[in-house]
Amino acid sequence: MDGTLIVGVDGSQAALRALDWAADEAVRGGFPLRIVHASGWEWYEGHEPSFGINRDAVRAQADRVLEEAADRVRARTGSVVVASEVLDEDPVAALIGESRRAAGVIVGSRGRGRLAGLLLGSVSLSVAAHAPCPVTVVRGGEQNLRGGFGRVVVGVDEAAGDGAAGSGAAVGFAVRAARWRGAELLAVHAWRRRAGTPTSTSGSTSTSTSAPADTSASAPASGSEPAADPRRLRAEHELDNALHAAVRAHGAVDVRREAVEGQARAALLDASATADLLVVGARRRAGHTGLQLGPVNHAVLHHAACPVTVVPHA
């Protein structure tokens, strides 16, 4: 990993929004930015067939897309080191190849072709499912894109408690993202009640702390409602452990945690409405290339109201 952010552009409005977001992220994290245009983008997204293509015209168009993109970044911020390149291959292969040496890859949520009306473009989904580094799909409303809520949301699963496996990598990424933004970190863990268990007066618990790195993710909130259901207790325990490990490793942030009774996808989609970034983990598939994108990953990639970062983990 060389600490460079990669952003894929194709001249579409979705790609321009991703480019602007990538430029801002490069400023926040102190990253150089590499802008990539794959010359096969047109026919990969179904814009036109690959036979009978005028290669010189395609290359000239690619050069124009990159030049305009680089000028746009420099006009937006003069503090980012910008490089750009046309890659003579299909966009998925190009971006996955770039991802092997990158700190992160950033793509728009839709492409330019006849498939652009889909909720998520084929390039975006394929890159999110196969890149070995964090991939951000830029989507959402204007306030979410410009960081208007001051909140980063991370989904925490049952395997995150050791801070390394499970969503530990995603929580660590989210802590850093919140620190760069000076934002609150909201950690969400969904849990389901065992059939036949009586319903309590509240389906979720929310605690908030702001403290030094060794305590901010573990101190209990005074006056919080006791949690009688063992599954809720386990959810709160997973949240505490995951946050404690991540904050200890990456520094103190303002943390709020919610153990929400219900489906994870619904809880995360609700939280995304007032978030600047939603972070989720995805497990690498043993013996296979790519990640195991489950129904929660697919739901947030297609429907979240803010940018979504997928962070791979073991």
Side-chain angles (χ1 to χ4, degrees), residues 1-38 62-87 91 94-95 97-109 124 127 131-154 170 172-185 213 246 249-254 275-279 306-311:
M1 182 180 296
D2 66 5
T4 298
L5 290 182
I6 308 296
V7 58
V9 297
D10 65 354
S12 66
Q13 286 300 310
L16 292 178
R17 287 192 292 271
L19 180 68
D20 291 345
W21 193 92
D24 295 343
E25 189 74 354
V27 171
R28 285 187 286 258
F31 296 107
L33 183 64
R34 178 169 161 81
I35 308 170
V36 172
H37 177 83
D63 289 339
R64 284 194 295 272
V65 168
L66 277 187
E67 182 179 0
E68 292 171 2
D71 288 345
R72 186 181 179 101
V73 170
R74 294 186 182 104
R76 190 175 184 89
T77 172
S79 61
V80 173
V81 177
V82 181
S84 61
E85 186 175 359
V86 175
L87 301 177
L95 291 171
E98 293 286 315
S99 73
R100 297 188 181 102
R101 303 178 299 277
V105 172
I106 298 155
V107 291
S109 59
S124 305
V127 174
C133 71
V135 174
T136 300
V137 175
V138 177
R139 56 179 303 114
E142 180 60 30
Q143 189 170 359
N144 306 87
L145 292 175
R146 63 178 170 81
F149 290 102
R151 179 178 300 120
V152 172
V153 175
V154 60
F173 183 98
V175 168
R176 293 193 301 272
R179 289 191 65 202
W180 294 341
R181 291 164 170 76
E184 172 192 66
L185 176 63
H250 302 291
V253 293
D254 288 337
D276 304 330
L277 179 65
L278 170 60
V279 183
C306 70
V308 177
T309 299
V310 178
V311 180

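It should be emphasised that the depicted structure is a prediction, and the values quoted were computed from it without experimental measurement.
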Distance, nearest 0.5 Å, that separates CD1 of I106 from CG of L33: 7.0 Å
Any donor-acceptor pair under 3.5 Å from S124 side chain to V137 backbone: no
Under 3.5 Å: donor-acceptor pair, side chain of T77, backbone of S79: yes
Salt bridge flag under 4.0 Å for residues R17 and E142: no
Where G97 and R101 come nearest, the two heavy atoms and their spacing: O-NH1, 3.5 Å
Residue pair A15 / G8: nearest heavy atoms and the distance that separates them: CB-O, 4.2 Å
Side-chain ion pair, R76 and D20, N-O less than 4.0 Å: yes
H250 side-chain N/O to V175 backbone N/O, donor-acceptor pair under 3.5 Å: no
T309 and L278, any side-chain heavy atoms less than 4.5 Å apart: no
Gap between atom CZ of R151 and atom SG of C306 - 0.5 Å precision: 10.5 Å
Flag side-chain contact, heavy atom, 4.5 Å: R34 against S84: no
From H37 atom NE2 to D10 atom CG, the distance as rounded to the nearest 0.5 Å: 7.0 Å
Residue of the set I35, V36, V135 for which side chain to side chain contact (heavy atoms under 4.5 Å, CB included) holds with I6: V36
R181 side chain reached by V152 side chain, heavy atoms, under 4.5 Å: yes
Inter-residue atom distance R139.CZ - W21.CH2, 0.5 Å rounding: 13.5 Å
Which atom of A38 lies closest to which atom of P91, heavy atoms considered: CB-CA, 3.5 Å
V138 vs L145 side-chain heavy atoms within contact, under 4.5 Å: yes
Reported CG-to-CZ distance for the pair N144 and F149, which is rounded to 0.5 angstrom: 5.0 Å
Minimal non-hydrogen separation, V65 against G11, with atom names: CG1-N, 3.8 Å
Least distance between heavy atoms, A102 atom then C133 atom: O-CB, 3.7 Å
Whether over 12 other heavy atoms sit under 6.0 Å from E67 CD: no
Any V107 side-chain heavy atom under 4.5 Å of V105 side chain: yes
Close side-chain approach of V153 to L277, heavy-atom, < 4.5 Å: no
Heavy-atom closest contact (A103 atom, F31 atom, distance): CB-CE2, 3.8 Å
Side-chain heavy-atom pair V253, R176 within 4.5 angstrom cut-off: no
